[in-house]
There are 2 protein chains.
Amino acid sequence: MQCSKIDPVQDTATIVSDLRARGHRLTPQREAIIGAVLKAKGHIVPVELARAVQRRMSAVNPSTVYRTLSLLEDLGVLKHSHLEHGPEYYRATSQDHVHLRCARCGTDDDLSLDEAERLKQLIYAHAGFLPDLSHFAISGLCAACQAR
Amino acid sequence: MQCSKIDPVQDTATIVSDLRARGHRLTPQREAIIGAVLKAKGHIVPVELARAVQRRMSAVNPSTVYRTLSLLEDLGVLKHSHLEHGPEYYRATSQDHVHLRCARCGTDDDLSLDEAERLKQLIYAHAGFLPDLSHFAISGLCAACQAR
DNA sequence: GTCGTTGCAAAGCGTTTGCAACTAT
DNA sequence: ATAGTTGCAAACGCTTTGCAACGAC
């Protein structure tokens with residue numbers, strides 16, 4: 001229930017030395033990609049990053065971008081997210097609800113309408129942002145799987 | 001621990017008559033696909049549904065499944081979700097945070113750590129489900145865009 | 001010079017589309 | 001008989017992979 005993770009500032013220098021410590025090399029392409037990654041706020045969508053990098057550096061092959069992203073994941077600079085990969089369609093009749101899916105056992109559950117409403121309020125209280133909860137999935141661990 | 005879902009029952013019969021009302025036809029393939037859609041709880045991932053249908057009915061072409069899903073969307077049986085399409089990677093150093101993205105203007109915002117923590121608590125209170133908020137994006141409308 | 005890295009091209013996967021054959025009505 | 005539907009094959013966009021050339025060290 002804690003979320004006090006210290007956020008070590010990750011600068012190019014640190015990443016590059018981690019890279020070298022593992023016997024990897026710094027190439028102009030990697031420099032550009034790392035730069036783009038650090039500049040990105042929030043999430044990183046591979047295709048978009050690939051395009052962004054290519055805009056700055058004429059000819060970086062997409063495969064290089066993909067390979068570098070996965071290298072950065074190995075180095076611990078990036079993490080892969082399965083969270084938002086998912087559903088494409090949902091039943092039109094279903095009311096706003098928040099779907100909970102256990103990442104380990106795959107069990108699905110929903111917040112009650114009341115709980116969903118409170119969640120909505122909580123978010124709305126932040127600068128009046130109105131979330132679209134018409135369909136919403138949150139990944140995590142169910143009680144049973146946490147115990148294991 | 002179940003929540004009260006008041007899911008207006010959408011049965012095959014209703015869907016089929018809507019279908020016909022629009023001048024569409026009922027084929028064995030569509031029957032199978034509709035059956036699978038109704039059986040699905042929660043979200044529907046096209047590829048998975050396609051495979052599920054093919055398991056039951058030897059030779060349904062994937063394109064038929066895709067076309068039927070989009071037809072069902074036209075009929076209002078399904079809705080398309082853009083919500084969870086997105087990010088693949090996120091910075092490993094970033095703290096748990098909840099990302100808010102305005103669907104209209106694209107502005108990004110984050111809940112404060114405190115707000116994120118309360119959101120986590122709220123979800124945790126439901127059957128002890130521990131959400132993974134390490135990276136999380138919620139779509140909706142920012143205050144400015146609601147006004148427009 | 002070594003060996004990690006790159007670009008290229010080909011292949012993979014999910015999805016879309018054109019078209020001729022089929023079939024529910 | 002008349003459209004709406006289907007399967008097939010081709011095409012598409014994103015991603016991965018094998019391989020030879022390249023270049024950081």
Side-chain angles (χ1 to χ4, degrees), chain A residues 12-13 15-37 40 43-75 77-78 80-82 84-89, chain B residues 12-13 15-37 40 43-75 77-78 80-82 84-89:
Chain A
T12 310
I15 297 174
V16 169
S17 58
D18 282 3
L19 206 70
R20 293 215 157 99
R22 293 253 215 132
H24 290 116
R25 295 171 187 175
L26 184 62
T27 64
Q29 291 92 329
R30 280 188 182 163
E31 239 175 316
I33 296 167
I34 292 172
V37 164
H43 315 309
I44 292 165
V45 183
V47 207
E48 286 172 17
L49 193 95
R51 284 194 270 259
V53 170
Q54 287 183 323
R55 235 171 284 131
R56 280 220 282 138
M57 201 173 169
S58 42
V60 182
N61 199 282
S63 57
T64 300
V65 174
Y66 288 102
R67 283 190 277 229
T68 302
L69 284 176
S70 117
L71 172 63
L72 290 176
E73 191 176 11
D74 280 354
L75 293 178
V77 175
L78 295 178
H80 200 91
S81 165
H82 313 281
E84 277 116 32
H85 248 44
E88 274 282 23
Y89 286 101
Chain B
T12 310
I15 296 174
V16 170
S17 58
D18 282 4
L19 206 69
R20 293 215 156 96
R22 295 254 213 131
H24 289 117
R25 295 170 187 175
L26 184 62
T27 63
Q29 291 92 331
R30 280 189 183 163
E31 241 176 315
I33 295 167
I34 292 172
V37 164
H43 315 307
I44 293 164
V45 182
V47 207
E48 286 172 17
L49 192 96
R51 284 195 268 258
V53 170
Q54 287 183 321
R55 235 171 283 132
R56 279 220 281 140
M57 199 174 171
S58 42
V60 182
N61 199 283
S63 56
T64 301
V65 175
Y66 287 102
R67 282 189 278 230
T68 302
L69 285 175
S70 117
L71 171 64
L72 290 176
E73 190 176 11
D74 280 355
L75 293 178
V77 176
L78 295 179
H80 198 92
S81 166
H82 313 281
E84 277 117 31
H85 248 44
E88 275 281 24
Y89 286 101

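Model, not experiment: these values are computed from the prediction.
- A/Arg20 meets the side-chain contact (heavy atoms from CB on, under 4.5 Å) test with A/Val16, A/Leu26; sequence neighbours excluded.
- At least one side-chain heavy atom of B/Leu69 sits less than 4.5 Å from a side-chain heavy atom of B/Val37.
- Under a 3.5 Å cut-off, the side chain of A/Gln54 and the backbone N or O of A/Val60 do form a donor-acceptor pair.
- In secondary-structure terms, DNA chain C builds stems of at least 3 consecutive Watson-Crick or G-U pairs, each pair having both distances under 3.5 Å, at C:1-25 with D:1-25.
- Spacing between atom CG of A/Leu71 and atom P of D/dT16 amounts to 14 Å, rounded to whole angstrom units.
- Residues that satisfy the side-chain contact (heavy atoms from CB on, under 4.5 Å) test with B/Arg56, not counting sequence neighbours, are B/Lys39.
- Distance CG (A/Leu75) to C1' (C/dG4): 14 Å, rounded to an integer number of Å.
- A straight line from CE of B/Met57 to C1' of D/dT5 spans 12 Å, rounded to a whole angstrom.
- For the side-chain contact (heavy atoms from CB on, under 4.5 Å) test, no residue two or more places apart in sequence or in another chain qualifies with B/Ser17.
- Considering only the side chain of B/Arg67, C/dG18 comes nearest among C/dG18, C/dG7, D/dC14.
- Here A/Ala32 pairs with A/Val53, A/Met57 under the side-chain contact (heavy atoms from CB on, under 4.5 Å) rule; sequence neighbours left out.
- Within residues 16-30 of chain A, the residues approached by DNA chain C to less than 4.0 Å at the level of any non-hydrogen atom are A/Gly23, A/His24, A/Arg25, A/Thr27, A/Gln29, A/Arg30, in residue-number order.
- Contact check, B/Thr64 against D/dG7: a side-chain N or O comes under 4.0 Å of OP1 or OP2.
- Counting to the nearest Å, the C1' atom of D/dC14 and the CZ atom of A/Arg51 are 9 Å from each other.
- Here the shortest heavy-atom pairing between B/His24 and B/Arg30 reads CB-NH1, 3.9 Å.
- In this structure, the side chains of B/Thr68 and B/Gln29 stay at 4.5 Å or more apart for every pair of heavy atoms.
- Put simply, A/Asn61 has a side-chain N or O that comes within less than 4.0 Å of OP1 or OP2 on C/dC8.
- B/Ser63 is linked by a side chain to side chain donor-acceptor pair (under 3.5 Å) to B/Asn61, B/Arg67, counting only residues two or more places apart in sequence or in another chain.
- We find that CD of A/Glu31 is positioned 11 Å from P of D/dA24, with the value rounded to whole Å.
- Note: CD (A/Gln54) to C1' (D/dG13) measures 14 Å, nearest angstrom.
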